[in-house]
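Each chain gets a letter, A, B and so on, in the order its sequence line appears, and its residues count up from 1.
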Number of protein chains: 2
Amino acid sequence: MYVTTSTNHARFTPPISEEIESHAIGAARIHEGECLYYEGDEVERLYQVLTGAVRLTRLLEDGRRQVIAFGFPGDIIGFPNDGLHQADCDALTDTKLKSFRRSALENGEGEPALHFALLQAALREIHAMQEHFMMLGLKCSDERVASFLVTMLERCGETTNVGRRVFLPMSRLDIADFLGLTVETVSRCFTALRRSGIISLKNSQTVLVRDEAALAAKALKEHD
Amino acid sequence: MYVTTSTNHARFTPPISEEIESHAIGAARIHEGECLYYEGDEVERLYQVLTGAVRLTRLLEDGRRQVIAFGFPGDIIGFPNDGLHQADCDALTDTKLKSFRRSALENGEGEPALHFALLQAALREIHAMQEHFMMLGLKCSDERVASFLVTMLERCGETTNVGRRVFLPMSRLDIADFLGLTVETVSRCFTALRRSGIISLKNSQTVLVRDEAALAAKALKEHD
DNA sequence: CGGCCGCTTGAACCCAATCAAAATTCGTGG
DNA sequence: CCACGAATTTTGATTGGGTTCAAGCGGCCG
């Protein structure tokens, strides 16, 4: 699933269907920093993230980088374009995945349930990307960062006694390249949220959200 | 198909397959300015544009608008998210479409060829949206406008004796909302391209591209 | 001919990028 | 365990590209 704030409602992780589980043809395990596939590689399998987190990136000829999405448990990645991978996929942390034959997507024969589940995942992806368009096309920097945190919270948030907490497995640069900003700007937005008391940072990777409502408000410029 | 410059190669209109043709369950015709469906509507049918052009838009609560895509002949639109339309669809010009049952996408039973074609269209859409991410996340205003023209040229360009020509059925505001810019900025970029001799404008809708190579260069910041 | 709407042009401003440097974290080896 | 160096994050000062605000232009249709 793509990390982008929904205008409608939160899109939660699709449960890892037992149905799908049974059709997995294999498992994969990649360590932090390792690459699962590169843009242009032949797509042999699709993957569902089981644990950990991955990063999908694309590069422009001149080196500019766009983080297309982050993949968290439940997300299905590796949809082909013309049979080829569309982005590089790297592990942000040690990650376990299971894999499916590409043919399970393209012709469901024999495994209609799996076929359907993969198709639904593709449709969800289209939706998530549209949400991200709203981010990149319409929102200003503080809205983007707030939106990002809201979505991360929905995806991976844990409830504590002082608020909800979320671990960010990606670097500030990754976040910046995902949001179409620079590291400095992302950092400044974090600082502003911290100073306003909406969040606090245990360390740069661990965010405690003290005021979820205020964060959600910032995500949509209902400022002050 | 989404109007976005490909980093790899141009993605041309998928030919309107005879196969698909035979499975069409209906036709639709909408006049300029009319709406085919709204965000949130139940998806009953998917559509393939036959002639004309449509615009897919989404709104933020506060009224900010993002043009998600333009649909030209060959493009398939209307992919559901959770059974609902994800964007508003309006006709930029009088448009003819043919329609397919949503079930043809979701379960191909009886019509595997159509099912497959719709799935491929969904995968193409994912790819096209990724290209658009590069646009919104990485490119500056003049690159965006140049990229946009390059893609429009690929999609709808006609060859003349003085260069290739393309008709833009959408307004400057539509282009701006598609590219994540303002009307003024888009207009200024057009003017800059005109002054540099790369394009000329018969009227604001009709662009004659005099130097395709230079336009392509601007699309990637290999400036001057 | 006149009014309206979309496009273009101009000037001032502002948000985020850039450039630069300090602070903090992290890994490595003594 | 601490010391050191590298990398990441944060902070600060300045610049610049795109927005905003405002006004002119031009085509189209009554």
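Taken over five-pair windows at either terminus, the axes of the helix from C:dC1-D:dG30 to C:dG30-D:dC1 are inclined to one another by 40° (rounded to 10 degrees).
The CG-P distance, from A:Leu92 to D:dT8, rounds to 13 Å in whole Å. When the P atom of C:dC15 is taken as reference, atom CG of A:Leu138 falls 17 Å away, rounded to whole Å. The nearest whole Å value for the distance from the CZ atom in A:Phe190 to the P atom in C:dT24 is 18 Å. D:dT9 atom C1' lies 11 Å from atom CD1 of A:Ile175, rounded to whole Å. One atom, CD of A:Glu143, and another, P of C:dC15, lie 12 Å apart when rounded to the nearest Å. Rounding to whole angstrom units, CG of residue A:Leu179 and C1' of C:dC15 are separated by 16 Å. Here the C1' atom of nucleotide C:dG27 and the CD atom of A:Glu32 are 13 Å apart, to the nearest Å. The CG-C1' distance, from A:Leu173 to D:dT10, rounds to 14 Å in whole Å.
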(Q) side-chain contact (heavy atoms from CB on, under 4.5 Å) for A:Leu97 and A:Leu36? Distances and angles first, verdict last. (A) CA-CA 10 Å; A:Leu97 312 100; A:Leu36 185 60; 3.9 Å; yes

Q.
For a salt bridge (charged side-chain N to carboxylate O under 4.0 Å, His left out) check, start with the C-alpha distance between B:Arg102 and B:Glu44, then their side-chain angles and the critical distance, and finish with the verdict.
A. CA-CA 6 Å; B:Arg102 171 180 152 199; B:Glu44 287 162 3; over 6 Å; no

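Ring geometry for A:Tyr47 versus A:Tyr37: interplanar angle under 30°, hence parallel rather than tilted (30 to 60°).
Residues from residues 197-205 of chain B placing a heavy atom under 4.0 Å of any atom in DNA chain D do not occur.
For B:Thr185, the side chain to side chain donor-acceptor pair (under 3.5 Å) partners at least two apart in sequence or on another chain are B:Thr182. Looking at residues two or more places apart in sequence or on another chain, you find no side chain to side chain donor-acceptor pair (under 3.5 Å) involving A:Thr160.
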Q: For nucleotides 12-30 of chain D, just jot down a letter per nucleotide in 5' to 3' order: B, S or -, based on protein non-hydrogen atoms under 4.0 Å.
A: BB----SBBB---------

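Within the structure, a side-chain polar atom (N or O) of A:Arg194 is placed less than 4.0 Å from OP1 or OP2 of D:dT11.
Within 4.0 Å (heavy atoms only), A:Arg144 reaches no atom of the nucleic acid at all. Among the atoms of the strands shown, only primed sugar atoms or phosphate atoms (P, OP1, OP2) are found under 4.0 Å from some heavy atom of A:Thr191.
Enclosure of atom CG in B:Asp94 by more than 12 non-hydrogen atoms of other residues, nucleotides or ligands within 6.0 angstrom is indicated.
For the pair A:Arg58 and B:Phe133, the NZ or CZ position fails the cation-pi test of under 6.0 Å to the six-membered ring centre and within 45 degrees of the ring normal. A cation-pi contact, defined as under 6.0 Å to the ring centre and within 45° of the axis, is absent between A:Arg45 and A:Phe100.
Salt-bridge formation is detected for the pair B:Arg65/B:Asp174: a Lys NZ or Arg NE/NH1/NH2 atom is positioned less than 4.0 Å from an Asp or Glu carboxylate oxygen.
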Which side-chain N or O atoms in residues 26-35 of chain A pair as donor and acceptor under 3.5 Å with protein atoms at least two apart or in another chain?
unit_1  : atom_1 : unit_2  : atom_2 : d
A:Glu34 : OE1    : A:His31 : N      : 3.0

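In the model, A:His85 has no side-chain atom that pairs as donor or acceptor with a side-chain atom of A:Glu39 under 3.5 Å.
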